[in-house]
Amino acid sequence: MKNILVTGGLGYIGSHTVIALQQAGFNVYIIDDLSNSQLEVWEKITAITGVQPIYYNIDLKDYNAVSVFFQSHKIDGIIHFAAYKAVGESVAKPLMYYRNNLLGLMNVLEAMEENQLDNFIFSSSCTVYGQADTMPINEMTPLKRPESPYGNTKKVGEEIIEDFIKITDKNAISLRYFNPVGSESKGLLGDLQIIPNNLMPYILQTAVGIRESLGVFGNDYETRDGTAVRDYIDVNDLADAHVKAIQRLLDGKNKSKLEFFNLGSGTGSTVLEIVTAFEQANNLKINYEIKPRRAGDIVQAYADYSFAKSELDWEPKTPLQISMQTAWKFQQQLDKVIE
Ligand code: WQD
């Protein structure tokens with residue numbers, strides 16, 4: 001049984017990936033410092049799969065702690081999610097984001113080298129493309145300076161990995177997600193954003209009555225209905241892609257030492273189309289009001305995932321309606337916990 005380390009494994013995409021790895025027969029270790037996750041997610045993963053992953057509360061900025069972990073565990077592959085990811089917060093606190101996201105990454109890479117470990121998967125983002133000039137976005141689309149320090153930690157992170165790979169015999173894959181949505185089928189896990197950053201948590205908190213109404217950031221874009229277009233990809237499909245990517249490296253099937261894959265649904269949806277999809281999927285109404293555009297937002301982004309389809313044998317399978325329903329299940333289950 002291969003041992004896979006998932007850093008940030010108690011987070012949103014991380015926890016769903018832990019479940020997919022366990023269900024694919026891997027033995028999973030989790031490192032998570034709980035700075036943007038909750039310990040109860042560990043119990044929920046165990047409840048869902050019946051297998052308790054081994055968990056350590058380690059701050060990846062502490063090199064010695066990372067090194068001790070790698071010296072005492074035989075790790076066959078690493079999936080690195082651990083990073084801060086709030087775009088707005090990153091604008092207000094850039095150094096906190098660069099220190100956490102990049103020092104954490106560098107410590108993991110250095111400890112890999114020190115312990116002769118290989119097979120590294122990096123959690124990246126379509127934000128590295130900025131506002132791409134042409135749609136859909138493929139892996140050859142030129143990168144641009146991301147609008148936020150968060151986004152720049154992903155772009156610089158990829159460059160750090162590239163330079164590291166050049167001087168070592170390691171193999172890595174960077175997965176560039178578009179906009180993750182949804183939850184696993186029981187609604188036990190989800191994108192826990194008490195103070196939301198992203199569209200879906202705002203929609204969910206409006207639907208459950210925590211918020212009076214949803215602010216729609218701008219309806220004067222050059223799009224179908226004036227609201228911005230994004231590619232919403234189900235988190236379970238994202239998790240499956242991570243299993244396929246680590247398996248590709250373990251099997252030595254990668255065609256270069258560093259590969260990049262866009263992971264999206266291939267479909268662009270406007271903000272209002274997502275609101276309507278959520279309403280129809282869950283048979284409810286969302287109050288919303290048009291607000292000014294949000295600084296730093298791009299107009300549109302949606303993926304060409306054909307490279308992941310051909311090389312990873314991956315494609316998105318979950319209909320948007322299901323993602324809207326599982327997201328709603330998660331929000332309602334949250335309230336039960338709070339009660
Ligand atoms: C989506 C659309 C908003 C909230 C960022 C990161 C990306 C990834 C996902 C981590 C935009 C609009 C939002 C609201 C709104 N991060 N919106 N009202 O900015 O596309 O991407 O989060 O995985 O790397 O860059 O996502 O969900 O914040 O916004 O109208 O209350 O919804 O303007 O058009 P974004 P988002």
Side-chain angles (χ1 to χ4, degrees), residues 8 11-14 16-17 36 80-91 97 101 122-132 137 143-155 157-158 174-182 190-193 195-207 210-235 238-239 241-242 262-265 268-278 286-303 323 327:
Y12 175 39
I13 307 172
H16 286 83
T17 300
N36 189 29
H80 180 59
F81 289 101
Y84 297 153
K85 66 165 191 172
V87 172
E89 184 184 50
S90 77
V91 173
Y97 269 67
N101 292 8
F122 181 58
S123 169
S124 189
S125 165
C126 63
T127 196
V128 302
Y129 298 107
Q131 176 54 77
I137 299 172
L143 305 192
K144 293 187 178 177
R145 177 79 158 76
E147 297 283 345
S148 68
Y150 154 77
N152 208 34
T153 67
K154 294 303 181 184
K155 184 165 181 291
E158 288 186 344
S174 180
L175 299 176
R176 294 169 175 167
Y177 321 142
F178 282 66
N179 289 55
V181 289
D191 194 3
L192 191 65
Q193 298 183 14
I195 300 169
N197 303 295
N198 298 120
L199 177 61
M200 276 312 294
Y202 274 111
I203 287 179
L204 292 168
Q205 290 192 3
T206 304
I210 294 174
R211 293 176 182 277
E212 275 296 300
S213 74
L214 169 75
V216 173
F217 299 151
N219 70 341
D220 57 350
Y221 289 105
E222 294 290 310
T223 63
R224 286 189 288 279
D225 60 19
T227 63
V229 171
R230 296 291 186 275
D231 180 327
Y232 296 91
I233 174 73
D234 189 88
V235 67
L238 282 182
H242 288 75
N262 285 356
L263 299 178
S265 70
S269 302
T270 70
V271 175
L272 291 180
E273 286 167 351
I274 293 297
V275 170
T276 302
F278 183 81
I286 295 285
N287 299 324
Y288 70 83
E289 48 193 323
I290 303 299
K291 297 276 177 114
R293 293 182 176 190
R294 181 173 66 176
D297 271 353
I298 59 172
V299 184
Q300 63 171 348
Y302 55 94
S323 306

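In each ligand, atom 1 is the first atom listed, and ligand 1 is the first ligand listed.
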**Q.** Considering all heavy atoms, the nearest Gly190-His16 contact
**A.**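 Shortest heavy-atom contact: N-CE1, 4.1 Å.
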Q | Neighbour count >12 (heavy atoms, 6.0 Å) for atom CD, Glu212 | A |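 Not buried by this count: 12 neighbours or fewer within 6.0 Å.
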Q) Who gets closest to atom 25 (O) of ligand 1 by heavy atom: Val87, Asn179, Asn219, Ile13? A)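 Considering heavy atoms of Val87, Asn179, Asn219, Ile13, the nearest to atom 25 (O) of ligand 1 sits in Val87.
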(Q) Please compare Leu199, Val216, Val299, Val275 and report which has the shortest non-hydrogen distance to atom 27 (O) of ligand 1. (A)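 Selected option, by shortest heavy-atom distance: Leu199.
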Q | Test item: Asn262 side-chain N/O and Ile137 main-chain N/O as donor-acceptor pair under 3.5 Å | A |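 Such a contact is found between Asn262 side chain and Ile137 backbone.
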Q | Geometric cation-pi criterion Arg211 and Tyr202, 6.0 Å radius, 45° cone | A |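 The answer is no, since Arg211 fails at least one limit relative to Tyr202.
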Q: State, yes or no, whether a side-chain contact exists between Asn152 and Lys155 at a heavy-atom distance under 4.5 Å.
A: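 In contact.
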Q.
If you define the side chain from C-beta out and look only at heavy atoms, does anything of Gln131 sit under 4.5 Å from Gln300?
A.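 Counting from C-beta outward, Gln131 and Gln300 do come under 4.5 Å.
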(Q) Is Gly215 close enough to touch ligand 1? Criterion: a residue heavy atom under 4.0 Å from a ligand atom. (A)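 Contact check Gly215 vs ligand 1: positive.
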Q: Would you please determine whether Tyr232 falls within less than 4.0 Å of ligand 1 on a heavy-atom basis?
A: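 Per 4.0 Å heavy-atom rule, Tyr232 contacts ligand 1.
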Based purely on interatomic distance, does [X] place a nitrogen or oxygen under 3.5 Å from a nitrogen or oxygen of ligand 1?
X      : value
Lys85  : no
Tyr202 : no
Arg294 : yes
Phe217 : yes
Pro180 : no

Q: Would you mind telling me if ligand 1 is within reach of the side chain of Asn198, the backbone, both or neither, using heavy atoms under 4.0 Å?
A: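 Looking at Asn198 and ligand 1, atoms from backbone and side chain both fall under 4.0 Å.
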Q | Partner of Thr127 under side-chain contact (heavy atoms from CB on, under 4.5 Å), chosen from Phe178, Tyr177, Tyr150 | A |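 Looking at Phe178, Tyr177, Tyr150, the match for Thr127 under the side-chain contact (heavy atoms from CB on, under 4.5 Å) is Tyr150.
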